[in-house]
Amino acid sequence: MRSKFQFMSISLLRITALIAAILWMPVAGLFAQDSLDARFGSIPDSLYSMQPPADNPDAPYIITNKELDVSFRETEQSIVAVLEHHVRKKVFEDSVREASVVAIPYYFDNNMEHVVNIQAYTHLPSGERIPVEDGDIRTININSRYNVKEFTMPQVQEGAILEYRYVIQRRYIEELPDFFLGHQVPTAATKLTITYPEYLRYQPFVEDYNGKIHHDFVYTDTSSVPKVFTIPQPKPIVTERWMAYNIPAVEDEAFMSSMDDYRAKIKFLLSEFGIPRQQLENSWEVVVARIREKTNPWWAIRSNNVAGARGDSIASAMEDQPPEAIQDSIFKFVNQKVNYSGGHRPYSLSRDRGVIAGQPSDQAAINQTLISMLHGAGIDANPVLVSTRPSGQINMDFPSFYQFDSQLVQSKINGETHLMDASFAHSQPGLVRVDAFNGRGLVMGQDSFEWIDLKPEKSIFDIQVAIDAQLQPNGTLVGKVNAQQGGYPAQFIRQQRADGNSDADILKRVLFDGYPQMSVDSVQISNMDSYNEPIAIAAQFEIENYATSFTDGLKFRPMIVGYQRENPFKDKSRQHPITLDAPEHLDLSYEIGLPSGFRAPESRQNKMLRFPGAEFRETYDTSFGTLKYEYQIDISQKNFSTDFFSQLYKLYERWVQLSNTAWLIEN
């Protein structure tokens with residue numbers, strides 16, 4: 001009978017292919033119970049007396065220890081990684097819900113992972129131990145790949161010790177789940193061990209951690225053979241260990257790409273396999289080769305004959321139009337036909353007929369249908385595999401298909417590239433969801449691949465507003481507004497119209513949401529169907545009591561629309577780089593006529609705040625009984641290093657100051 005390891009004598013490429021074959025095989029009957037750490041349930045007295053760390057005295061709780069033991073189990077068809085987790089927390093403030101809620105994510109798609117043997121207890125200072133019952137454990141679906149086992153620790157109070165353990169059985173061993181050292185609270189001690197079988201080893205990657213990690217190997221001799229040099233001795237069991245202590249909390253800050261991008265962690269890629277062990281190649285070339293073999297979006301794209309024929313038909317009917325116009329028409333057709341299910345993934349086996357017929361479809365199926373239609377029209381287009389913001393940015397040093405969780409489309413017309421997502425309702429080429437506008441993407445050609453920086457040209461907050469109004473002696477403001485909105489604001493307006501909102505309601509919501517007492521008339525919203533033009537809004541409006549009357553005049557806020565009430569950056573210091581949702585362009589222009597006999601406020605100075613990637617300008621003209629002033633904010637990029645945080649903070653702070661400023665118009 002052929003040994004399962006005989007194939008290790010062949011080439012590395014064949015090794016990789018056979019590993020992949022093993023990893024996709026069905027698994028059954030693999031989950032026998034293992035014994036866990038014997039210390040579980042035995043709480044030392046020192047934990048009850050533990051105080052918050054001196055460098056973080058306000059921490060609501062602390063992770064006193066986090067342990068993971070990894071081992072492996074073989075069957076006739078597969079190799080399974082067994083991950084045994086053990087966590088303890090000490091609670092200092094019982095009102096903080098995060099301390100008592102436990103969420104265990106696992107990759108359920110393709111039966112890759114199973115969670116078993118969950119045990120959890122609240123240890124009260126009195127010595128009483130309250131268990132979590134099986135019926136209290138919920139399974140929550142997060143997306144098409146991940147579920148979460150969630151439960152709430154019972155009767156949590158100040159001084160309690162929360163303890164739980166569980167086992168994850170994982171049949172995909174080419175990489176292991178990230179082991180996070182850092183959390184939003186301090187961690188006193190972490191320990192990870194991998195007990196290796198003779199035929200495999202992993203390469204560790206430590207990320208976002210500059211502290212000391214104790215790393216060693218333990219060799220355990222389990223042989224009963226006499227220690228005589230003439231008798232062959234079996235090889236010892238090898239256990240690799242990583243230990244770290246006093247890991248600081250990771251601060252959750254506004255405009256972060258993802259918390260996981262900055263949490264200290266250890267990642268693992270399979271580096272040696274076979275008997276004898278041989279080095280495995282870990283590269284993006286290997287990842288792409290495996291995608292083409294196992295999860296290739298081109299399978300559906302090439303088979304979408306209905307979509308290809310429809311694209312050809314649209315192009316034939318527009319043969320006198322430029323390719324960009326044909327692309328816009330095809331995109332609009334798909335975008336209006338589809339029924340997005342809410343699921344996103346990097347590939348799909350679903351076909352075009354269901355997508356075009358309006359059946360609930362995931363993002364990849366929709367975009368693969370779009371690619372097929374573009375090909376039918378003779379337009380070069382490819383899928384782009386990306387990682388959404390909740391999943392973190394792609395780590396180029398860690399080649400893995402499982403970093404991708406979403407798919408976009410890139411087309412090329414006359415040397416120009418266009419990034420798009422047809423599942424994004426009321427969108428257009430160049431406008432993708434905020435969470436997909438995230439770092440880099442892998443363009444999967446039929447026979448090649450390339451990395452691109454994601455720069456969708458229409459993915460911007462573009463708002464221009466001009467107000468021409470007259471301030472009445474009683475404080476009422478009457479006038480007209482003209483606005484143009486592009487990018488995300490335009491998509492929002494189209495969504496509002498599709499939801500059945502009237503033009504008057506849309507106007508109030510997008511421009512005057514802070515004025516319930518206002519009235520509008522002659523509202524016109526145009527270019528709703530002209531996606532290459534910004535949406536234009538025009539209306540007459542009246543806001544009663546906009547200005548407050550005092551004995552010496554009227555006081556009113558000069559920034560009537562486009563205001564920013566609070567600085568989104570709560571603190572003046574910054575630990576992590578800034579990732580805004582998208583570039584931003586705001587252009588506000590006001591011309592306010594004063595009541596007869598009223599004088600303009602004191603002369604105001606023009607100002608400018610400028611630094612690389614951003615600019616804020618203020619201009620004023622308060623002469624001749626009319627107030628003319630403009631505010632322009634241009635933030636041309638979405639990513640800023642911490643070096644520019646203080647300047648970005650000042651920009652937003654000035655915006656807030658102007659939004660909350662009141663001018664006195666004297667009579």
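Here the structure is a predicted model, which means the values were calculated and not measured.
- There is no side-chain donor-acceptor pair under 3.5 Å between Arg353 and Gln359.
- Side-chain atoms of Thr388 and Asp405 form a donor-acceptor pair, as typed in the model, at a separation below 3.5 Å.
- In this structure, a donor-acceptor pair under 3.5 Å is absent between the side chains of Ser258 and Gln393.
- Taking the centre and axis of the six-membered ring of Phe492, the NZ or CZ atom of Arg494 falls outside the cone set by 45° and 6.0 Å.
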Which pairs would a plain distance check flag for residues 524-536, meaning a side-chain donor or acceptor within less than 3.5 Å of a matching protein atom at least two apart in sequence or in another chain?
| unit_1 | atom_1 | unit_2 | atom_2 | d |
| --- | --- | --- | --- | --- |
| Asn527 | ND2 | Pro534 | O | 3.0 |
| Asn532 | ND2 | Asp328 | OD2 | 2.9 |

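- Without hydrogens or angle criteria, Tyr202 side chain to Ser271 main chain gives no donor-acceptor distance under 3.5 Å.
- For the residue pair Tyr563/Asp513, the side-chain donor-acceptor check at 3.5 Å is satisfied.
- A cation-pi arrangement is present between Lys638 and Phe437 under the rule of less than 6.0 angstrom and at most 45 degrees off the ring axis.
- Between Asp260 and Arg263 there is a salt bridge, since at least one side-chain N of the basic residue sits less than 4.0 Å from a carboxylate O of the acidic one.
- Side chain of Ser341 to backbone of Pro360: no donor-acceptor contact under 3.5 angstrom is found.
- Between Tyr107 and Tyr172, the distance separating the two ring centers is not shorter than 6.0 angstrom.
- Side-chain atoms of Gln632 and Glu615 include no donor-acceptor pair closer than 3.5 Å.
- For the pair Lys265 and Phe180, the NZ or CZ position fails the cation-pi test of under 6.0 Å to the six-membered ring centre and within 45 degrees of the ring normal.
- Relative to the ring axis of Tyr347, Arg345 places its NZ or CZ within 45° and under 6.0 Å from the centre.
- Residues Val286 and Ser283 meet the side-chain proximity criterion, which asks for heavy atoms closer than 4.5 Å.
- A donor and an acceptor atom, one from each side chain of Gln496 and Asn501, are located under 3.5 Å apart.
- The main-chain N or O of Ser387 is never found under 3.5 Å from a side-chain atom of Ser406 such that the two would form a donor-acceptor pair.
- Comment: Lys412 does not engage Asp380 in a salt bridge, judged by the lack of any side-chain N to carboxylate O separation of less than 4.0 angstrom.
- Under a cutoff of 6.0 Å and an axis angle of 45°, Arg145 and Phe401 form a cation-pi pair.
- Every ring-ring contact (aromatic ring centres under 6.0 Å, His included) that His375 has, sequence neighbours left out, goes to Trp298.
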